[in-house]
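Only one structure is covered here, and it is reproduced in the block below.
Residues take their numbers from the sequence shown, with the count starting at 1.
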Amino acid sequence: MLRVGEDRTNSSWASIARHANAVEDLAEDLRRVIDSRSLPRLDASRTPVVEEWFIEKFVVPTLVGFITYPGDNGERHGQRGSMSFTGPLHLFSLRQGVARSSHRWYSVGHPSPIAEDSLRRWSMEGEF
């Protein structure tokens, strides 16, 4: 949450600008999905992969799993660190294996054993 105009704990102008840019990027991505009626082809060299993922409720839906970012130096290749989570999810496609958080696109790798249940919790019947 950004904070402005308070005696203390205000967000920096730079953090507000970063948030505004992230929201603009999200809006542009969602408009492209609507306009093209398709999801983008993701560049594997720039798109993180979330392995053993599931969707968890942290007030908003987020993608939880082992996230690997392109350009990792390979020291941990084949090793699992701790699980992490994305920013709030705005768009998710199991079929095409992509998700869009507030901040970026993700490729969705192998699901965790609880992924199906987590999807069911966040699915809305009759939604178009």
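With Ser107 contributing its side chain and Thr47 its backbone, the two residues share no donor-acceptor pair below 3.5 Å. Remark: the backbone N or O of Gly65 is not paired with any side-chain donor or acceptor of Glu52 at under 3.5 angstrom.
Residues Ala44 and Pro70 come closest through the heavy atom pair O-CG, 4.0 Å. Closest non-hydrogen pair, Thr62 versus Phe85, comes out as OG1-CB, 4.2 Å.
Contact of the Val50 side chain with the Val108 side chain is not registered, since no non-hydrogen atoms from C-beta on lie closer than 4.5 Å. Counting only heavy atoms from C-beta outward, the side chains of Val49 and Ile67 never approach each other to under 4.5 Å.
Taking the side-chain hydrogen bond (donor to acceptor under 3.5 Å, both in side chains) definition, one finds that Asp43 meets it with Ser45, sequence neighbours left out. Residues forming a salt bridge (charged side-chain N to carboxylate O under 4.0 Å, His left out) with Asp117 (at least two apart in sequence, or on another chain): Arg120. Scanning for side-chain hydrogen bond (donor to acceptor under 3.5 Å, both in side chains) contacts around His90 gives Ser102, with sequence neighbours left out. Listed by chain and residue number, Ser12, Arg18 satisfy the side-chain contact (heavy atoms from CB on, under 4.5 Å) test with Ala14 (two or more places apart in sequence, or in another chain). Remark: Arg46 pairs with no residue by the salt bridge (charged side-chain N to carboxylate O under 4.0 Å, His left out) rule, at least two apart or across chains.
Pairs of residues two or more places apart, or lying in two chains, that qualify as ring-ring contact (aromatic ring centres under 6.0 Å, His included) and include a residue from residues 32-54 are Trp53-Phe92. Applying the salt bridge (charged side-chain N to carboxylate O under 4.0 Å, His left out) test to residues at least two apart or on different chains, the pairs with a partner in residues 22-38 are Asp29-Arg32, Asp29-Arg100.
Around the CD atom of Glu116, the shell of radius 6.0 Å holds no more than 12 heavy atoms that belong to other residues, nucleotides or ligands.
Hydrophobic cluster membership for Leu42: Leu26, Leu30, Val33, Leu39, Leu91, Val98, Trp105 (Ile, Leu, Val, Met, Phe, Trp, Tyr linked by side-chain heavy atoms under 4.5 Å, directly or transitively).
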